Amino acid sequence: MKTELKNQLRQQDATVLAQGYSPAIRAMEVISIVAFVALESALVWRLWGNPLVGPWMVLSAVLLGYLAADFVSGLVHWMGDTWGSTDMPVLGKAFIRPFREHHVDEKAITRHDFVETNGNNCLVSLPVALLALLLPHTSATWVFLSSFLGAMIFWVMATNQFHKWSHTDTPPALIGLLQRVHLVLPPDHHRIHHTAPYDKYYCITVGWMNKPLALIGFFPMMERVITWATGLIPRKDDIGAEAALELFQTQAADAPPVVKAAQELLEGGALAEEPAAVSPVRPS
């Protein structure tokens, strides 16, 4: 089935997708990086010297922030891979386009400079960075929450750099060591995601959350809920309508028990009938 599905994939042209990186998008990314660094620096300055800040609190915040960033990276990656179109205003070229380009040209990310690699992640982290800075630091709970949010978005910012290194043929020696002990995203682990039709192992900070989320069928369950609510078919813009529809129906048959239980709750299996009305024509 996987071979047949791969033959049906109708992905977009990598050259056209790469041309979508415009000067306006680059300017937005430069501003986002500067703003992100300024907010994170202000947060560190505000936490520095606070008597409520201790080594165990900082260590806990950093480790929990790492796990949370891994989950967030998977959630955002899944959304960018699965929903929407590169033709959407603003979001299409700024956010969705890089995900679609990456599936047709895995090595493109290795040719991106620091700004293009990390600008988007800095942009989406700005609201959380501002929140972490503005939280009151009047109790241990508030201080820990602020530290956790600051650590999480630091790792979110670093995610695309880790991702880039997982595609780099000869990463720096220290990074290669961290990859081998699975403290950053290892190439072999991430290669599972890059097996068509690109529907698993979305977490790309370190990848620790991939197996737990796969065991409970988290992303397939989310897809079925969204399709039930909207009628949209996941990955239609990325791999073409025909392959996307077949994959959707196959996933329904092979879903983990928790996903099947959720499906039964969604109006007694009405969800499974929804894709039948979808046109097999790929959107332009």
Side-chain angles (χ1 to χ4, degrees), residues 36 60-84 95-104 106-110 112 117-125 127-129 148-168 171 175-226 234-235 238-239 247 251 254-256 258-259 262:
F36 178 84
S60 299
V62 169
L63 291 177
L64 289 175
Y66 202 35
L67 282 174
D70 198 37
F71 173 76
V72 170
S73 76
L75 187 64
V76 173
H77 187 180
W78 166 74
M79 291 172 63
D81 278 4
T82 309
W83 307 105
F95 291 100
I96 297 174
R97 178 198 61 81
F99 290 103
R100 308 299 157 82
E101 179 188 10
H102 187 54
H103 283 173
V104 295
E106 292 180 30
K107 291 295 185 180
I109 192 172
T110 67
H112 295 170
T117 300
N118 300 293
N120 270 352
N121 283 16
C122 287
L123 177 61
V124 299
S125 298
V128 180
F148 164 75
L149 292 175
M152 180 186 72
I153 58 173
F154 173 81
W155 295 122
V156 166
M157 180 277 297
T159 291
N160 265 356
Q161 191 64 55
F162 294 167
H163 182 200
K164 176 180 178 177
W165 281 325
S166 77
H167 287 279
T168 302
I175 300 305
L177 173 62
L178 294 176
Q179 289 174 338
R180 288 192 292 276
V181 297
H182 205 158
L183 290 179
V184 299
L185 184 67
D188 289 344
H189 180 90
H190 184 51
R191 196 169 293 119
I192 297 172
H193 173 73
H194 279 279
T195 301
Y198 323 108
D199 63 338
K200 57 179 68 70
Y201 275 36
Y202 295 100
C203 300
I204 54 174
T205 304
V206 63
W208 292 346
M209 296 297 295
N210 281 320
K211 286 186 179 179
L213 292 174
L215 284 173
I216 65 173
F218 178 79
F219 291 115
M221 181 166 54
M222 292 286 289
E223 289 169 15
R224 299 203 68 77
V225 170
I226 291 174
R235 295 172 202 84
D238 187 33
I239 64 175
L247 176 62
Q251 285 179 333
D254 299 336
V258 65
V259 178

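Side chains are part of it too, since the values below use all heavy atoms of this structure and drop only hydrogens, waters and symmetry mates. None of these values were measured; they are calculated from a predicted model.
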query = Rounded to the nearest 0.5 Å, how far apart are OG1 of T117 and CH2 of W165?
reply = 10.0 Å
key: Close side-chain approach of F162 and I204, heavy atoms under 4.5 Å   = no
inquiry  = Return the NZ to CD1 distance between K200 and I192, rounded to the nearest 0.5 Å.
reply    = 8.5 Å
task = Of all the heavy-atom pairs spanning F36 and S125, show the shortest one and how long it is.
result = CE1-CB, 3.7 Å
message = Contact between L183 and W208 at the side-chain level, heavy atoms closer than 4.5 Å - yes or no?
response = yes
task = Only counting residues at least two apart or in another chain, list the ones meeting side-chain contact (heavy atoms from CB on, under 4.5 Å) with V128.
result = L149, M152, I153
inquiry  = For the CG atom of D70 and the OG1 atom of T205, what is their distance to the nearest 0.5 Å?
reply    = 5.0 Å
message = Working to the nearest 0.5 angstrom, can you tell me the gap between M209 CE and Y202 OH?
response = 15.5 Å
task = For the pair K164 (side chain) and H112 (backbone), establish whether a donor and an acceptor sit closer than 3.5 Å, ignoring hydrogens and angles.
result = yes
inquiry  = Test side chain to side chain contact (heavy atoms under 4.5 Å, CB included) on Y201 and K211; report intermediate values, then the result.
reply    = CA-CA 8 Å; Y201 275 36; K211 286 186 179 179; 3.1 Å; yes
inquiry  = For the CG atom of N121 and the NE2 atom of H163, what is their distance to the nearest 0.5 Å?
reply    = 10.5 Å
task = Determine whether the side chains of T159 and S73 contain a donor N or O and an acceptor N or O closer than 3.5 Å.
result = no
Side chains of W83 and I226 in contact at under 4.5 Å (non-hydrogen atoms) = yes
ask   = Do the ring planes of H193 and H190 sit parallel (below 30°), tilted (30 to 60°) or perpendicular (above 60°)?
value = parallel
request  = Evaluate side chain to side chain contact (heavy atoms under 4.5 Å, CB included) for L185 paired with Q179, printing each intermediate quantity in order.
outcome  = CA-CA 6 Å; L185 184 67; Q179 289 174 338; over 6 Å; no
With a cut-off of 3.5 Å and sequence neighbours excluded, list every side-chain donor-acceptor pair involving residues 212-221.
none

key: A151 to A61 - nearest heavy-atom pair and separation   = CB-O, 3.6 Å
query = Is the backbone N or O of M79 less than 3.5 Å from a side-chain atom of T82, with the two atoms forming a donor-acceptor pair by type?
reply = no
ask   = Looking only at side chains, do W78 and E223 share a donor and an acceptor under 3.5 Å apart?
value = yes
Parallel, tilted or perpendicular, as decided by the 30° and 60° cut-offs, for the rings of H167 and H194 = perpendicular
ask   = For the residue pair P187 and S166, what are the closest heavy atoms and their distance?
value = CB-O, 3.4 Å
message = Could you work out, with side-chain contact (heavy atoms from CB on, under 4.5 Å) as the rule, every residue matching L63, not counting sequence neighbours?
response = L59
